[in-house]
Amino acid sequence: MSKKALITGITGQDGAYLSAFLLDKGYEVYGMVRRSSHAGVADHRLRWLGIAGDVRLVDCNLLDAAALIRLVAEVKPDEVYNLAAQSFVATSWAQPSLTGQVTALGALNVLEAVRTAAPEARFYQASSSEMYGLIQEPVQSEQTPFYPRSPYAVAKLFAHWATVNYRESFSLHASSGILFNHESPLRGIEFVTRKVTDGVARIKLGLSTELALGNIDAKRDWGHAKDYVRAMWLMLQQDVADDYVVATGRTTTVRDMCAIAFAHVDLKMEDHLRIDPALYRPAEVEVLLGNPAKAKEKLGWTPEIGLELLIAEMVDADLARLAKR
Ligand code: NDP
Ligand code: GDP
């Protein structure tokens, strides 16, 4: 009999790639979708990957604890991946309370639903390198103390510790993946990589002349979402639940990532880049660099797609999207 996976956040970047990965492995994939007035476009990422017809979408919301319990009782999943969140750091200052409710308490609601309705299910929590924030060690591992720098990171830290606590309190098979930034052509347009690749494509096609960014000295450890969803699944295949850093071990400035994108289409970054101070954040995470040694040793996981290939794929996808319009 095929295994059942329930994914919250299936309409997001990771939800789409994880669905494709699990379908490939023969899973029955259930995806939780929140009601909106734009039902026709909610599954655009699943359609991009050609799998919209292969997953079962179920109506629910992270904020509705009772409905979540009913959903988990009905689906009886073998694995639950909690990917849903208000996931954009900048928005978390504008909507801190919502971010806390969805990203922190929403995760607790899913843990409660699993504990109540499917305690044998394996649970994955989408934790974030943003929890390291004002970094306490130059290279961050599972042992590095956290120092969150945004309402988003504070909320993720709550969800991370709730996952650890439910594992220890109720013996749930609950794992937390501390994932560093990961991108793809399906990344939300508000995140810096996709903003850059879309902007570069627009300039190349003559639709725009400049690209405005904030702090281009910030450094991130960027990987490909396709590689990172494999690590999520691997965590749930282990006999014992645990926490893992998932990263590439290479960090790059926003400036250099941007230069890679411009160079891919033979343009000079200096001719088009404008710094907009309004895009600076109230508190910045200046640098993130992960040590994925534990994931490599225990899960046998290594990333396969490097930054240059990732950015090239994203620019090409944005060129194709814009040309189609
Ligand atoms: P996205 O922003 O692309 O997707 C977020 C998902 O959450 C969407 O499906 C969204 O639905 C859903 N969602 C938001 N609010 C609710 C709600 N109240 N009820 C139900 N669903 C809701 O994120 P990613 O795919 O990039 O990331 C997946 C997870 O991993 C997130 O939790 C993110 O914070 C975390 N993470 C991501 C990293 C990255 O670099 N991508 C790094 C580390 C952690 P809708 O389509 O309706 O908006
Ligand atoms: P984050 O690491 O989850 O906050 O991912 P983002 O892609 O949103 O931001 C990565 C880094 O890029 C942060 O340090 C931002 O301050 C920086 N950055 C600089 N300019 C921009 C911009 O215009 N948009 C975004 N989203 N980030 C920017």
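Quantities reported herein were computed from a predicted structural model and do not represent experimental measurements. The residues of the chain are indexed from 1 along the displayed sequence. Order of appearance sets the numbers: ligands from 1, and atoms from 1 within every ligand.
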Do any heavy atoms of [X] fall under 4.0 Å from ligand 1?
| X | value |
| --- | --- |
| Tyr228 | no |
| Ser127 | yes |
| Gln101 | no |

Quick one: which ligand 2 atoms are inside 4.0 Å of a heavy atom on [X]?
| X | result |
| --- | --- |
| Val89 | 3 (O), 4 (O) |
| Leu279 | 23 (O) |
| Gly214 | 19 (C), 20 (N), 21 (C), 23 (O) |
| Asn181 | 1 (P), 2 (O), 3 (O), 5 (O) |
| Ala218 | 14 (O) |
| Lys195 | 22 (C), 23 (O) |
| Glu284 | 13 (C), 14 (O), 15 (C), 16 (O) |

Nitrogen or oxygen atoms of [X] and ligand 1 under 3.5 Å apart:
| X | value |
| --- | --- |
| Cys60 | no |
| Phe191 | no |
| Thr11 | yes |
| Leu83 | yes |
| Asn61 | yes |
| Arg187 | yes |
| Ser129 | no |
| Arg34 | yes |
| Asn181 | no |

Quick one: sort the Tyr81 and Tyr124 rings into parallel, tilted or perpendicular, breaks at 30° and 60°. tilted
Taking 4.0 angstrom as the limit, do [X] and [Y] come out as a salt bridge?
| X | Y | value |
| --- | --- | --- |
| Arg274 | Glu210 | yes |
| Asp59 | Arg34 | no |
| Asp78 | Arg122 | no |
| Arg194 | Asp318 | yes |

Considering the heavy atoms of [X], write down every atom of ligand 1 situated less than 4.0 Å from one of them.
| X | result |
| --- | --- |
| Ala126 | 29 (C), 30 (O), 32 (O), 35 (C) |
| Ser87 | 1 (P), 2 (O), 23 (O), 33 (C), 34 (O) |
| Met32 | 20 (C) |

Axial cation check for [Y] ring with [X], 6.0 Å and 45° limits:
| X | Y | result |
| --- | --- | --- |
| Arg250 | Trp222 | no |
| Lys296 | Trp301 | no |
| Lys226 | Tyr17 | no |

Taking a cutoff of less than 4.0 Å between a non-hydrogen atom of the residue and any ligand atom, is Ile216 in contact with ligand 2? no
Mind checking whether Phe88 has a heavy atom under 4.0 Å from ligand 2? yes
With a 6.0 Å cut-off (strictly less than), is the heavy-atom count around CD of Glu120, excluding the residue itself, greater than 12? no
Which segment of Glu130 sits under 4.0 Å of ligand 2 when only heavy atoms are counted: side chain
For ligand 2, the portion of Val254 having any non-hydrogen atom under 4.0 Å away: side chain
Which one holds for Phe88 and ligand 1: side chain close, backbone close, both close, or neither close, with close meaning a heavy atom under 4.0 Å? neither
Side chain or backbone of Val102 under 4.0 Å from ligand 1, or both, or neither, by non-hydrogen atoms? side chain
Out of curiosity, does Leu236 fall in the hydrophobic cluster containing Tyr228 (side-chain heavy atoms, cut-off under 4.5 Å, transitive links)? yes
Would a hydrophobic clustering, with Ile, Leu, Val, Met, Phe, Trp and Tyr connected at side-chain separations under 4.5 Å, put Leu83 with Leu105? no
Identify the heavy atoms of Ala212 and Lys195 that sit nearest to each other, and give their distance. O-NZ, 3.0 Å
Among Val285, Val254, Thr193, which one satisfies side chain to side chain contact (heavy atoms under 4.5 Å, CB included) with Arg220? Val285
Is the centre of the Phe88 ring less than 6.0 Å from the centre of the Phe191 ring? yes
